[in-house]
Amino acid sequence: MDNIVVGIGEALWDVLPDGKKLGGAPANFAYHVSQLGLESCAVSAVGEDELGEEFIESLNAKRLKHILPKVAYPTGTVQVTLDAGGVPQYEIKEEVAWDNIPFTDELRELALHTRAVCFGSLAQRSEVSRNTINSFLDMMPRTGQELKIFDINLRQGFYTKEILCQSMQKCNILKINDEELVAISRMFGYPGIDLQDKCWILLGKYNLKMLILTCGINGSYVFTPGHISFVETPKVVVADTVGAGDSFTATFIAALLRGKNVRQAHELAVQVSAYVCTQNGAMPLLPETFLSESV
């Protein structure tokens, strides 16, 4: 199997108070994987417009490989406002390019050479992109070594119980934050159970290799069958938290693929995501020390 790592889903511009920045979890994820020395690719769609062209040029400038077909819809944008703690609130535009990602021969070929893929629920709000994501997952090699990471990423009600169930059945690593876990628990009927027990239920029910639970300033957990890794969140001066979760997931997966154990990968993921919180935007340049630590 080849070792390409793919982020597939939404491609958009985060319109922040200080201007627009590249965004979308798949590109954020793929970018940080590439910074840690692995071959990665961002998969989505952009519009036949100036924002789409600028998105492609920006990824090229970052030397990030991509499959971004141009479709007859506008390039996605998200209005981002930050609260006093730098935590973002999102207003996500609908009927945009990433709702219409086509499943092309190029994408089929990429799937056949993919070792790990990260996908979420947001890009599955439309049938076209949902079918493309599921086709990609189904075309990946089945060796038992492939990683399919479902980073739930609940946004603005753009999800259904059915989509969440199908995605958890298709993944073998689930990434979720504490607020999302509460929402999922209400939807699936697990109220009144503490967070850890809810994680054990999901791990067992969907036969997952791992479940990653992030709890903001209250630390993060990685559940594997019979074991829990907990790492405290470092105290840093937060610029904003946009993309911090994506950098966590990317670092964790890259470290695993480079031979680190779960604990080592978890600790490095926490360090990188804390650093990203000290920077503006989702794709800051990482210090080279993180690359050496991931080996």
Side-chain angles (χ1 to χ4, degrees), residues 1-12 23-34 38-47 52 55-56 59 64-71 73 75-76 96-155 158-160 162-175 206-210 212 246 249-250 252-254 256-257:
M1 185 192 297
D2 292 341
N3 285 320
I4 302 174
V5 182
V6 171
I8 184 170
E10 61 273 17
L12 50 87
N28 297 342
F29 171 83
Y31 174 66
H32 288 299
V33 167
S34 71
L38 295 180
E39 185 177 1
S40 66
C41 183
V43 174
S44 188
V46 296
F55 196 96
I56 290 171
L59 292 194
L64 176 58
K65 294 181 180 178
H66 52 78
I67 295 178
L68 294 171
K70 293 182 177 180
V71 296
Y73 293 84
T75 298
V96 292
W98 58 261
D99 286 316
N100 298 276
I101 306 168
F103 190 66
T104 60
D105 289 341
E106 185 181 19
L107 205 50
R108 181 179 290 105
E109 184 66 19
L110 177 65
L112 293 172
H113 298 280
T114 294
R115 173 69 182 278
V117 62
C118 186
F119 65 103
S121 58
L122 179 56
Q124 296 187 69
R125 68 181 183 179
S126 72
E127 184 177 4
V128 173
S129 292
R130 181 166 65 252
N131 289 341
T132 293
I133 290 169
N134 286 321
S135 295
F136 188 94
L137 294 169
D138 292 341
M139 288 296 297
M140 284 175 62
R142 299 184 182 183
T143 67
Q145 301 301 310
E146 71 278 6
L147 300 179
K148 298 178 179 180
I149 307 99
F150 179 40
D151 187 347
I152 286 190
N153 204 19
L154 302 183
R155 294 282 186 263
F158 292 132
Y159 55 90
T160 65
E162 181 183 8
I163 289 172
L164 296 178
C165 283
Q166 289 175 348
S167 296
M168 287 191 279
Q169 288 165 356
K170 284 183 175 288
C171 77
N172 53 25
I173 297 178
L174 175 63
K175 162 82 181 317
Y206 293 101
N207 193 29
L208 303 172
K209 290 184 177 182
M210 300 173 202
I212 303 166
D246 302 324
T249 311
F252 183 80
I253 296 304
L256 286 182
L257 293 178

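All of these numbers come straight from a predicted model, not from anything done at the bench.
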Engineer: Could you give the distance from CD1 (Ile4) to NZ (Lys65), rounded to the nearest 0.5 Å?
Structural biologist: 7.0 Å
Engineer: Answer whether the closest heavy-atom distance between the side chains of Thr249 and Asp246 falls below 4.5 Å.
Structural biologist: no
Engineer: What's the shortest heavy-atom distance between Val33 and Ser40, and which atoms?
Structural biologist: CG1-CB, 3.8 Å
Engineer: Under a 3.5 Å distance rule, please check whether Ser44 uses its side chain to pair with a backbone N or O of Gly9 as donor and acceptor.
Structural biologist: yes
Engineer: Please round to the nearest 0.5 Å and tell me the distance separating atom NZ of Lys148 and atom CG of Asn172.
Structural biologist: 7.5 Å
Engineer: So, Ser129 side chain and Gln124 main chain: donor-acceptor pair closer than 3.5 Å or not?
Structural biologist: no
Engineer: State, with a plain yes or no, whether a side-chain heavy atom of Leu38 is found less than 4.5 Å away from one of Leu257.
Structural biologist: yes
Engineer: Dump the intermediate steps for side chain to side chain contact (heavy atoms under 4.5 Å, CB included) on Phe55 and Leu68, then the final yes or no.
Structural biologist: CA-CA 9 Å; Phe55 196 96; Leu68 294 171; 3.8 Å; yes
Engineer: Any non-hydrogen side-chain atom of Val6 less than 4.5 Å from a side-chain atom of Met140?
Structural biologist: no
Engineer: If you define the side chain from C-beta out and look only at heavy atoms, does anything of Ile149 sit under 4.5 Å from Ile253?
Structural biologist: yes
Engineer: Below 4.5 Å, heavy atoms only, C-beta onward: do Phe136 and Leu110 meet side chain to side chain?
Structural biologist: yes
Engineer: Could you check if a side-chain atom of Ser121 sits within less than 4.5 angstrom of a side-chain atom of Leu154, using non-hydrogen atoms only?
Structural biologist: yes
Engineer: Is the number of heavy atoms from other residues, nucleotides or ligands under 6.0 Å of Tyr73 OH greater than 12?
Structural biologist: no
Engineer: I need the minimum non-hydrogen distance between Val43 and Pro26, along with the two atoms involved.
Structural biologist: O-CB, 4.4 Å
Engineer: Specify the closest pair of heavy atoms between Ala27 and Leu64, including all atoms of both residues, with the distance to one decimal.
Structural biologist: O-CD2, 3.8 Å
Engineer: From Leu107 CG over to Ile133 CD1, what is the distance, rounded to the nearest 0.5 angstrom?
Structural biologist: 10.0 Å
Engineer: If you take all heavy atoms of Met139 and Leu112, which pair is closest and at what distance?
Structural biologist: O-CD2, 3.4 Å
Engineer: Give the minimum heavy-atom separation between Arg142 and Asp138, together with the two atoms involved.
Structural biologist: NH2-O, 3.8 Å
Engineer: Does a side-chain heavy-atom distance below 4.5 Å link Leu208 with Cys171?
Structural biologist: yes
Engineer: Could you state the interatomic distance from CZ (Arg155) to CZ (Arg125), rounded to the nearest 0.5 Å?
Structural biologist: 12.0 Å
Engineer: Using a 3.5 Å distance criterion without hydrogens, assess whether the side chain of Thr114 forms a donor-acceptor pair with backbone atoms of Val5.
Structural biologist: no
Engineer: Indicate yes or no: at least one non-hydrogen side-chain atom of Tyr206 is less than 4.5 angstrom from one of Cys165.
Structural biologist: yes
Engineer: Check whether Asp99 reaches the backbone of Val96 with its side chain - one donor and one acceptor, N or O, closer than 3.5 Å.
Structural biologist: yes
Engineer: Indicate whether the side chain of Ser34 and that of Glu39 have a donor and an acceptor atom separated by less than 3.5 Å.
Structural biologist: no
Engineer: Shortest non-hydrogen contact from Ala42 to Leu59?
Structural biologist: CB-CD1, 4.4 Å
Engineer: I'd like to know if Glu146 pairs up with Arg115 as an ion pair, taking the criterion as any Lys NZ or Arg NE/NH1/NH2 lying under 4.0 Å from an Asp or Glu carboxylate oxygen.
Structural biologist: no
Engineer: Using the side chain to side chain contact (heavy atoms under 4.5 Å, CB included) rule, take Ile8 and Val117 through it: C-alpha gap first, then chi angles, then the decisive distance, then the call.
Structural biologist: CA-CA 7 Å; Ile8 184 170; Val117 62; 3.8 Å; yes
Engineer: Report the C-alpha separation of Met168 and Leu174 in whole Å, then their side-chain angles, then the decisive distance to 0.1 Å, and conclude whether the side chain to side chain contact (heavy atoms under 4.5 Å, CB included) test is met.
Structural biologist: CA-CA 7 Å; Met168 287 191 279; Leu174 175 63; 3.9 Å; yes
Engineer: How long is the straight-line distance from CH2 of Trp98 back to OG of Ser126, given to the nearest 0.5 Å?
Structural biologist: 7.5 Å
Engineer: Which value, rounded to the nearest 0.5 Å, describes the distance between Ile163 atom CD1 and Phe150 atom CZ?
Structural biologist: 9.0 Å
Engineer: Tell me, with the steps shown, if Phe119 and Leu137 meet side chain to side chain contact (heavy atoms under 4.5 Å, CB included).
Structural biologist: CA-CA 9 Å; Phe119 65 103; Leu137 294 169; 3.8 Å; yes
